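Here is the structure we will look at.
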Protein chains: 2
Amino acid sequence: MSTLTTKGSATRARIIEGASATIRELGVTATTLDDIRARTRTSKSQLFHYFPSGREELLLAVARFEAALVLTDQQPYLGNLATLADWDAWSSWRDTVVDRYRRQGGSCPLNTLTSQLGRTSPGARAVVTELLAHWQSEIAAGVRQLRDAGRISSRLDPDTVAAALLAGIQGGVLIQMATGSTVHLEAALDTALAQLQASAPGVAPDGTTPRAFPTLAG
Amino acid sequence: MSTLTTKGSATRARIIEGASATIRELGVTATTLDDIRARTRTSKSQLFHYFPSGREELLLAVARFEAALVLTDQQPYLGNLATLADWDAWSSWRDTVVDRYRRQGGSCPLNTLTSQLGRTSPGARAVVTELLAHWQSEIAAGVRQLRDAGRISSRLDPDTVAAALLAGIQGGVLIQMATGSTVHLEAALDTALAQLQASAPGVAPDGTTPRAFPTLAG
DNA sequence: CATAGATTGGACTTGCCAGTCCATTTTTCG
DNA sequence: CGAAAAATGGACTGGCAAGTCCAATCTATG
């Protein structure tokens with residue numbers, strides 16, 4: 001690998017971003033190198049100069065890019081979860097997640113990339129796995145915070161709760177991809193948060209709670 | 001469309017099943033018509049005889065086939081949910097779901113098919129949407145049953161709970177595809193069931209319950 | 001400035017794969 | 001049986017898309 005000049009790394013970044021955008025529009029399968037070339041105004045040799053082993057390598061770079069995007073995008077909210085022990089932090093995080101995916105209109109490039117690369121390339125699998133682990137650990141930290149502050153039942157295991165919550169989010173997004181609606185995503189988030197809150201000491205057995213957090217009243 | 005003879009429909013079915021199996025192994029994108037031909041010992045003309053508009057049409061038929069498979073596979077357990085109002089029914093359903101996907105080893109052809117066809121073909125989208133709706137309504141019926149029997153809080157909305165549960169399952173399977181592990185799937189199911197049970201009238205605020213159902217003890 | 005290495009343009013090759021076509025065989029049914 | 005319809009075999013086409021290659025240009029730096 002030759003050392004990149006300023007110009008070089010700019011081009012490389014342009015390719016990745018363009019590829020990412022193209023994939024969002026067309027899907028991984030339908031996206032060809034020529035589509036990417038067209039959007040990024042690059043030549044064949046540039047693509048293979050910066051990603052010598054070709055398409056796979058570029059797609060992997062896109063996966064990393066998308067993963068980083070998700071994290072930097074969520075991080076402030078996740079950070080709040082881990083430090084505030086405050087229902088409002090959870091509530092606004094919930095809204096952020098829903099907003100993000102609603103705006104994204106059900107594309108989730110990472111899911112698509114996983115479908116295509118997951119089987120073939122262990123690298124892509126690792127990227128996704130690490131993203132999930134990171135995400136989950138931040139959620140778990142938030143749950144632990146709540147538990148230590150005595151705001152949820154001490155019988156809830158933070159890691160299990162976080163795993164379930166993450167699964168709900170991923171599934172909600174997946175379903176959004178098929179149906180176009182975010183109701184499942186919202187149901188997953190709201191249900192999980194309601195569960196946390198309902199477990200709080202001092203909440204009546206039937207779920208009635210004096211706090212202002214949304215519950216699942218029928 | 002010419003009328004199918006016995007032999008004809010047998011061949012057609014063989015193609016669909018073979019395609020389904022091939023896709024499980026190779027993924028949708030990597031599966032070519034020749035792969036399917038090889039496995040099903042058919043000729044090009046047969047493929048296009050039974051699926052005149054080609055690959056897309058065949059894939060759609062596979063999607064329908066898989067959807068039907070999931071439903072007939074789950075139906076007895078789902079039926080129990082809707083009639084028994086019994087924690088054991090839920091527990092064994094939970095085990096069935098986990099078993100099914102664990103045995104399947106994280107392939108989920110429907111997810112893969114959605115990724116590839118969802119964008120292009122509205123037909124595939126419809127198949128998945130309908131499968132999800134069906135599945136969800138069966139779960140919701142079970143939850144309603146529990147509620148009417150007074151075994152869970154009346155404040156839980158069956159449809160919302162079912163939507164969240166379904167999202168958790170789908171997400172769990174999706175994560176299994178990336179990580180190879182079913183812990184998220186199990187966490188989603190266990191958390192949801194624990195939530196239902198914890199909401200039962202007579203359960204202590206901290207989640208302590210006299211019943212034998214697994215809880216999320218830390 | 002000079003040169004080595006980085007960057008870029010784009011024509012060309014290669015191979016694959018969906019889809020076409022027609023000839024042949026098999027089945028149905030009057 | 002015998003014609004019509006259905007089923008099958010497999011060669012062939014056409015196009016597309018990934019990857020190669022080399023010549024031409026830029027950029028860093030001594």
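Below, chain A is the first sequence line, B the second, and so on; all start at residue 1. No experiment lies behind these values; they were computed from the predicted model shown.
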TODO: Taking only Lys NZ, Arg NE, NH1 and NH2, and the carboxylate oxygens of Asp or Glu, determine whether Glu66(A) and Arg24(A) approach each other closer than 4.0 Å.
DONE: yes
Open item on the list: Rounded to whole Å, please give me the gap between CD in Glu57(B) and P in dA18(C).
Closed with: 15 Å
Task: Ala61(A) to Phe51(A) - nearest heavy-atom pair and separation - done: CB-CE2, 3.8 Å
Task: Gap between atoms CZ and P, on Arg55(B) and dA18(C) respectively (whole Å) - done: 6 Å
- [ ] Report the distance from atom CG of Leu4(A) to atom P of dA28(D), rounded to the nearest whole Å.
- [x] 13 Å
- [ ] Would you classify Lys7(B) as touching base, sugar-phosphate or nothing, given that sugar-phosphate means primed atoms plus P, OP1 and OP2, and contacts are heavy atoms under 4.0 Å?
- [x] sugar-phosphate
Task: Presence of salt bridge, Arg64(B) and Glu130(B), under 4.0 angstrom - done: no
- [ ] Would you kindly give the CG-to-C1' distance between Leu47(A) and dC21(D), to the nearest whole Å?
- [x] 16 Å
- [ ] Check whether any side-chain N or O of Gln46(A) sits under 4.0 Å from OP1 or OP2 of dT8(C), and answer yes or no.
- [x] yes
Task: Ser45(A) and Ser43(A) side chains, donor-acceptor separation under 3.5 Å - done: yes
Task: Test item: side-chain donor near acceptor, Arg39(A) and Thr22(A), under 3.5 Å - done: yes
Task: Distance below 4.0 Å between Ser45(A) side-chain N/O and dC21(D) OP1 or OP2 - done: no
Open item on the list: I need the residues from residues 32-41 of chain B with at least one non-hydrogen atom less than 4.0 Å from DNA chain C; give them sorted by number, or say none.
Closed with: Thr32(B), Leu33(B)
- [ ] Using atom CZ of Phe51(A) as one end and atom P of dT7(C) as the other, report the distance to the nearest whole Å.
- [x] 12 Å
Open item on the list: Without decimals, in angstroms, what is the distance between Arg14(B) CZ and dA7(D) C1'?
Closed with: 11 Å
TODO: Ignoring backbone atoms, test whether Tyr50(B) places a side-chain nitrogen or oxygen under 4.0 Å from the OP1 or OP2 oxygen of dT8(D).
DONE: yes
Open item on the list: With a 3.5 Å cut-off and heavy atoms only, can you find an N or O donor on one side and an acceptor on the other between the side chain of Lys44(A) and the base of dG19(D)?
Closed with: yes
Open item on the list: Go nucleotide by nucleotide along DNA chain C from the 5' end; which of Thr6(B) and Ser53(B) gets its closest nucleotide reached first?
Closed with: Ser53(B)
TODO: Please identify each residue that fulfils side-chain contact (heavy atoms from CB on, under 4.5 Å) with Ala192(B), with sequence neighbours left out.
DONE: Leu165(B)
Open item on the list: Does a side-chain N or O of Thr5(A) approach OP1 or OP2 of dC26(D) to a distance below 4.0 Å, or not?
Closed with: no
- [ ] Send over the distance from Leu59(B) CG to dA18(C) P, rounded to a whole Å.
- [x] 10 Å
Open item on the list: Taking Arg12(B) first and then Glu17(B), would you say they form a salt bridge - that is, a charged N and a carboxylate O separated by under 4.0 Å?
Closed with: no
Task: Ile15(B) CD1 - dT8(D) C1' separation (whole Å) - done: 11 Å
TODO: Could you tell me whether the phosphate oxygens of dA7(D), OP1 or OP2, come under 4.0 Å of any side-chain nitrogen or oxygen in Thr11(B)?
DONE: no
